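Taking it in order: structure first as structure tokens, then the write-up.
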There are 2 protein chains.
Amino acid sequence: MADWIEQFPGLSRLDGDLRETLVRQSRVVEVPQGTVIFGPGKAPENLLLLLAGVVRVQQVAENGREIVLYRVHAHESCVLTTACLLAYEDYSAEGIAETDVTAVAIPRSVFDEMIARSADFRRFVFTAYSRRITDLFMVIEEIAFRRLDLRLAAKLLERKDAAGDVLLTHHQLATELGTAREVVSRQLQEFIRRGWVTAGRGRVHVTDAEALGEFAHSA
Amino acid sequence: MADWIEQFPGLSRLDGDLRETLVRQSRVVEVPQGTVIFGPGKAPENLLLLLAGVVRVQQVAENGREIVLYRVHAHESCVLTTACLLAYEDYSAEGIAETDVTAVAIPRSVFDEMIARSADFRRFVFTAYSRRITDLFMVIEEIAFRRLDLRLAAKLLERKDAAGDVLLTHHQLATELGTAREVVSRQLQEFIRRGWVTAGRGRVHVTDAEALGEFAHSA
DNA sequence: CCGGGAAGGTGACTAAGTCACCGTTCCGGG
DNA sequence: CCCGGAACGGTGACTTAGTCACCTTCCCGG
């Protein structure tokens, strides 16, 4: 079963030989929800290409506070881990399977060989890097310069499902934004007061996405 | 003149053939202080390896506020630019020669060839990536979770010269920390009041580095 | 020597984060 | 079925940080 390679635009152009190398030397793994894929003192052994599911990468401070850095979705790769895997290692970010995850695991040695042999693979890897680094830049810009209420509004819109529900606790929303629970609670109350959302235990329901969106983009 | 290669620990082990390729196809450039090396709408064309000087990489927000992300020093490389150079491009970070800079410029094509042919070069590049990404993680952790007065104290110690002088304006210190000038001014007044520093136009003099250091590491 | 820009000081205000504590809800074991 | 603990969320009082408007001082070039 090697069809997975077609799911990665950057890899589908690999020619027969390389493609076979890649497919033969990697394996498909299943990772249950909640698994810590990598973290402090737990260096990743493989480059992961996600076939299904979501991996959340977050930073944990000594004082216990957390912030979500980015997510890896299906058909993307966990490239930043490869960097930190190939080099010196004492960073405090961790990757967690946010859902059940199906992924292709490419061992370090194969990763290195592919980098050496395929310009397409190199492009794939560096493109993935670029995307992650851009994500990090955006996180920095957001937490340094944008108002929390605007960020919360945007986050609710980003994470609501088709029915308009955001199935996160206030604490989880705070982690998404790198702030404290109480701050989220109070901001949500303001949104409720304005009639943009309703609240329930562990859920926020977006009732007026349009107003929320307009607010998020104002100022 | 190819001795520069010896200055890069990760490159000095390249064997004769590769080494010659690298040396022949790259050139040494001089960049005057203040030059914008890359930035919005100004993609870098080369991988830079610094021989002398410092490059400051910073993010600029629409509202005009800035934050310093990291610095590239002598014997390091501007790797993140290669990623963003090889891939999609709309990030708002910019790199500025903070001093006069001497650097080796390696064209994109040579970079790619070296990556393909040399495991040592790959290690060099990915190690450099790792360091930068770690820097970014630390920036995020700092601005999200650490108190500003502690960060300012640490920054003064980090950037003081041998005589204890920090030759930066309040505005520049604010940019270092991603905050506003007034906030820096007020914190500095508190440090002055405590007798840890003295101030002058465009300079802060650290008089009690020990107390400042103890403060920076408290809490 | 004077005019303008950079530097920085200040008060009043708003936004954000912290701390301590509360009640409520949920869920699993006894 | 009920109890107890943990997760969830609300709240007041406070501190820290950021914003806005405006001021003075200093420096440098014309």
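Only heavy atoms go into these numbers, but all of them, side chains included; no hydrogens, no water, no symmetry mates. None of the values given here were measured: they were computed from a predicted structure. Letters A, B, ... mirror the listed sequences (proteins, then strands); counts begin at 1.
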Worksheet item: What's the closest nucleotide to the D149(B) side chain, out of dC8(D), dA17(D), dA16(C)?
Response: dA17(D)
Worksheet item: Base, sugar-phosphate, or nothing for E182(B), non-hydrogen atoms under 4.0 angstrom?
Response: base
Worksheet item: Taking 4.0 angstrom as the limit, do R56(B) and E176(B) come out as a salt bridge?
Response: no
Practice prompt. Return the nearest nucleotide to the side chain of R201(B); candidates are dC26(D), dT18(C), dA7(D).
Written response: dC26(D)
Discussion item. Nearest to the side chain of T179(B), heavy atoms from C-beta on, is which of dG9(D), dG8(C), dG18(D)?
Written reply: dG18(D)
Discussion item. Let's test your reading of the model: under 3.5 Å, does the base of dG17(C) pair with the side chain of R65(A) as donor and acceptor?
Written reply: no
Worksheet entry | Proximity to the side chain of H170(B) - top-ranked nucleotide from dG9(C), dG17(C), dG18(D) | dG9(C)
Fill in: Exam field: side chain E6(B) to backbone D3(B), donor-acceptor pair closer than 3.5 Å
no
Practice prompt. May I ask you to say what Q187(B) touches in the nucleic acid, namely base, sugar-phosphate or nothing, with a heavy-atom cut-off under 4.0 Å?
Written response: sugar-phosphate
Practice prompt. State which of dG17(C), dA17(D), dC21(C) makes the closest approach to the side chain of R186(A).
Written response: dG17(C)
Item to complete: Using only side-chain N and O atoms of S185(B), determine if any of them is under 4.0 Å from OP1 or OP2 of dG8(C).
Response: no
Worksheet item: Between dT18(C) and R147(B), is there an OP1 or OP2 to side-chain N/O distance shorter than 4.0 Å?
Response: no
Worksheet item: If each of R146(A) and G202(B) is mapped to the nucleotide of DNA chain C with the nearest heavy atom, which maps nearer the 5' terminus, i.e. the 5' end?
Response: G202(B)
Worksheet item: Between R194(B) and E190(B), is a salt bridge (charged side-chain N to carboxylate O under 4.0 Å, His left out) present by the stated rule, with each step listed?
Response: CA-CA 6 Å; R194(B) 298 188 192 178; E190(B) 177 62 17; 2.7 Å; yes
Practice prompt. Would you tell me if any nitrogen or oxygen in the side chain of Q189(B) comes within less than 4.0 Å of OP1 or OP2 on dT10(C)?
Written response: yes
Worksheet entry | Rounded distance (Å) that lies between atom C1' of dA16(C) and atom CG of L173(A) | 17 Å
